[in-house]
Amino acid sequence: MSCDEFCEKVQLYQSTMYALAFSMLRNDEDAADAISEAIVKAYGSLSQLKSPRSFRAWLLKILRNTCLGMLRSRPQTLALEEDAALPEPTGRVDLSTKLVLREAVERLHQPYRTVVFLFYYEGLSILEISQITGSSVLAVRKQLSRAREMLQKSLKKEDFF
């Protein structure tokens, strides 16, 4: 893959990369740093890419691992309020429903928030999520199932249903 092809593909997935990094790090500056670092790592290890078709999953896995490294190096503090926001889900849903759903997803802990984001917001398959997260397909299915249960309980508490 040439440098130009690499740059084109990175540009194609830049919004997905930002959304994934932001969903994990919950900070614009950290997300931008993680993306930059992941792009450099990906370019440096381009020879390890087995199939150009799996570029997106490969790149997002590098980004996820970069974000996890940044999270591990952070001091362990408890954030009282976070101004994180995931991209809005697509489809015909009114604004108040989108806001309630977004807030419920934001309250999920890792890995549930990331799995929900990749599946519902980015439209990735369970197999692709498995490749990105390094979890088995069965584990991703279970995480999605648990996340749905958590969201349902959360939304019932808010009388959403």
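Values reported hereafter were calculated over all heavy atoms of this structure, with side chains retained and with hydrogens, waters and symmetry mates removed. What you see is a predicted model, and the numbers here were worked out from it, not measured in a lab.
- Across Phe6 and Leu46, no two heavy atoms sit closer than the pair CD1-CD1, 3.9 Å.
- Side chains of Thr114 and Arg64: a donor-acceptor N/O pair is absent below 3.5 angstrom, by distance only.
- With a 4.5 Å cut-off on side-chain heavy atoms, Met70 and Met24 do not count as touching.
- Of all the heavy atoms in Arg113 and Ser23, the pair that sits closest is NE-O, 2.7 Å.
- Trp58 and Phe55 have tilted rings, their planes meeting at an angle from 30° to 60° on a 0 to 90° scale.
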Table please: side-chain donor-acceptor pairs of residues 131-138 below 3.5 Å, with sequence neighbours left out.
from, atom 1, to, atom 2, distance (Å)
Thr133, OG1, Ile129, O, 2.9
Thr133, OG1, Ser135, N, 3.3
Thr133, OG1, Ser135, OG, 3.4
Ser136, OG, Ala139, N, 3.0

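- Between Glu128 and Arg56 there is a salt bridge, since at least one side-chain N of the basic residue sits less than 4.0 Å from a carboxylate O of the acidic one.
- Note: Tyr18 OH to Leu63 CG = 12.0 Å, rounded to the nearest 0.5 Å.
- Under the 4.5 Å side-chain heavy-atom criterion for Ile, Leu, Val, Met, Phe, Trp and Tyr, Leu20 and Leu127 are members of the same hydrophobic cluster.
- The shortest side-chain heavy-atom distance between Asp33 and Glu37 does not fall under the 4.5 Å cut-off.
- The OG1 atom of Thr16 lies 3.5 Å from the CD atom of Glu122; values are rounded to the nearest 0.5 Å.
- Between Ile62 and Ser45, the closest heavy-atom pair is CD1-OG, 4.2 Å.
- The CG atom of Leu49 sits 9.5 Å away from atom CG of Leu59, with the distance rounded to the nearest 0.5 Å.
- In this structure, the separation between CD on Gln14 and SG on Cys7 is 11.5 Å, given to the nearest 0.5 Å.
- Looking only at distances, a side-chain donor or acceptor of Arg26 sits under 3.5 Å from a matching main-chain atom of Glu106.
- With rounding to the nearest 0.5 angstrom, the CG atom of Leu12 is 7.5 Å from the NZ atom of Lys9.
- Nearest approach of Cys3 to Tyr43, heavy atoms of both residues: CB-OH, 3.8 Å.
- The OG atom of Ser130 sits 11.5 Å away from the CG atom of Leu118 when rounded to the nearest 0.5 Å.
- Taking each heavy atom of Thr66 and Ala34 in turn, the nearest pair found is CG2-O, 3.7 Å.
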Test log, rule side chain to side chain contact (heavy atoms under 4.5 Å, CB included), inputs Asn65 and Lys41: CA-CA 11 Å; Asn65 290 339; Lys41 286 178 184 177; over 6 Å; no
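- Looking at Ser54, its side chain never comes within 3.5 Å of a backbone N or O of Ala57 through a donor-acceptor pair.
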Could you list the donor-acceptor pairs under 3.5 angstrom formed between side-chain atoms of residues 144-151 and any protein atom two or more places apart in sequence or on another chain?
from, atom 1, to, atom 2, distance (Å)
Arg148, NE, Tyr120, OH, 2.6
Arg148, NH2, Tyr120, OH, 3.2

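- With a 4.5 Å cut-off on side-chain heavy atoms, Tyr121 and Val105 count as touching.
- Among all heavy-atom pairs drawn from Leu124 and Phe119, the shortest one is O-CD1, 3.4 Å.
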